[in-house]
Amino acid sequence: MPNKILTIAGSDSLAGGGIQSDLATFNEYGYFGLSVMTSIVTVKSRNFKLFPIATAIIEEQLQSVLAVDDIVAIKVGLLPTTDIITLVTQYLSNVHVPIIIDPVMVFKETTHVDTKKLVTSVRRQLLPLATIVTPNIREAQIIANQTINTVDDMKHAAKSIFEFGAQNVLVKGGTSILGDQAVDVLFDGCSFQVFKQDKIQEKRLNHNGAGCTLSASIATNLGRSADVVSAIADAKDFVWQGIKNGVKLNDAFDDGNVWQGARRSNYETKI
Ligand code: PXL
């Protein structure tokens with residue numbers, strides 16, 4: 001019987017990120033994925049819309065999934081309002097499995113999300129629940145209240161974010177930090193671990209959903225009791241292959257989606 005794992009996140013109908021990417025990732029790792037939908041995101045060319053789901057409906061979903069036995073890990077993605085953050089925090093405060101918080105506040109597709117209101121709730125309510133929190137550079141800047149241009153800045157931010165109560169902080173550099181390498185920085189309260197990978201040098205990058213997929217993959221690895229460093233190293237390989245073999249949508253989008261099936265498919269073509 002497959003292990004059960006849960007995502008609490010938004011819907012991305014284009015399926016690069018959000019619930020769709022999480023469930024696809026869970027499936028690739030042999031897990032049975034449950035989900036609580038917090039919002040619906042739609043993207044039409046450059047037009048990005050976010051529709052929060054009513055808290056009463058989210059609460060029904062939480063009660064339903066949390067009655068399930070033996071869930072091995074929980075991933076939390078987009079929680080678009082402070083009320084939704086408060087609700088989810090209440091339900092997760094008595095849970096004793098790894099909780100992976102992806103503090104989704106900034107989207108590649110838009111700048112129109114009011115992060116000022118959300119950041120206090122993220123810091124005070126969500127971060128103390130986190131086995132690991134995985135902000136991208138822009139989210140790390142907001143949570144740590146500093147600018148980030150270098151790997152040293154990433155380390156400084158990771159330390160500040162740790163102070164809000166997460167057990168581990170992974171600041172994801174992605175393509176944002178200058179240089180040929182994509183660098184991520186982990187801080188576990190004692191020391192830093194720097195992860196480096198060659199940047200994929202392509203004009204059109206199929207990387208929508210990279211962050212969601214990474215944290216979903218980390219969740220599956222922590223769910224089978226991997227240590228945090230190997231959980232991240234494996235997740236980074238999973239996402240790198242997903243970008244390298246990603247999915248173009250159409251000519252209106254510069255970027256396409258990560259493909260969660262890439263590693264399996266690459267493996268299958270080799271044997
Ligand atoms: O990848 C960030 C993200 C997270 N959650 C949802 C999304 C997106 C990006 O579009 O739609 C629901």
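Atoms within a ligand are numbered from 1 in the order they appear, just like the ligands themselves.
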Can you list the residues that meet the salt bridge (charged side-chain N to carboxylate O under 4.0 Å, His left out) rule with K155, with sequence neighbours excluded?
none
Donor-acceptor side-chain pairing of N245 and Q241 below 3.5 angstrom
no
Polar contact flag, side-chain donor to acceptor under 3.5 angstrom, T7-K75:
no
Please compare G17, S215, C212 and report which has the shortest non-hydrogen distance to atom 4 (C) of ligand 1.
C212
Which of the atoms of ligand 1 are close to S11, meaning less than 4.0 Å from one of its heavy atoms?
12 (C)
For S230 and D227, run side-chain hydrogen bond (donor to acceptor under 3.5 Å, both in side chains): C-alpha distance rounded to whole Å, both residues' side-chain angles, the deciding distance at 0.1 Å, then the answer.
CA-CA 6 Å; S230 358; D227 64 85; 2.4 Å; yes
Ligand 1 versus A9, non-hydrogen atoms closer than 4.0 Å: side chain, backbone, both, neither?
neither
Looking at ligand 1, would G211 count as a contact under a 4.0 Å heavy-atom criterion?
no
Relative to the heavy atoms of V104, which atoms of ligand 1 are at a distance of less than 4.0 Å?
4 (C)
Under 4.0 Å from one or more heavy atoms of G10, ligand 1 contributes atoms 12 (C)
Chi angles and distances behind the salt bridge (Lys or Arg N to Asp or Glu O under 4.0 Å) call for D184, K236
CA-CA 9 Å; D184 294 354; K236 284 182 64 67; 2.9 Å; yes
Just checking, any donor-acceptor pair under 3.5 angstrom between side chains of N3 and Y29?
no
Any idea which atoms of ligand 1 are less than 4.0 Å away from a heavy-atom of V41?
11 (O), 12 (C)
Heavy atom to atom 5 (N) of ligand 1, shortest distance: which of A210, G18, S39, A15 holds it?
G18
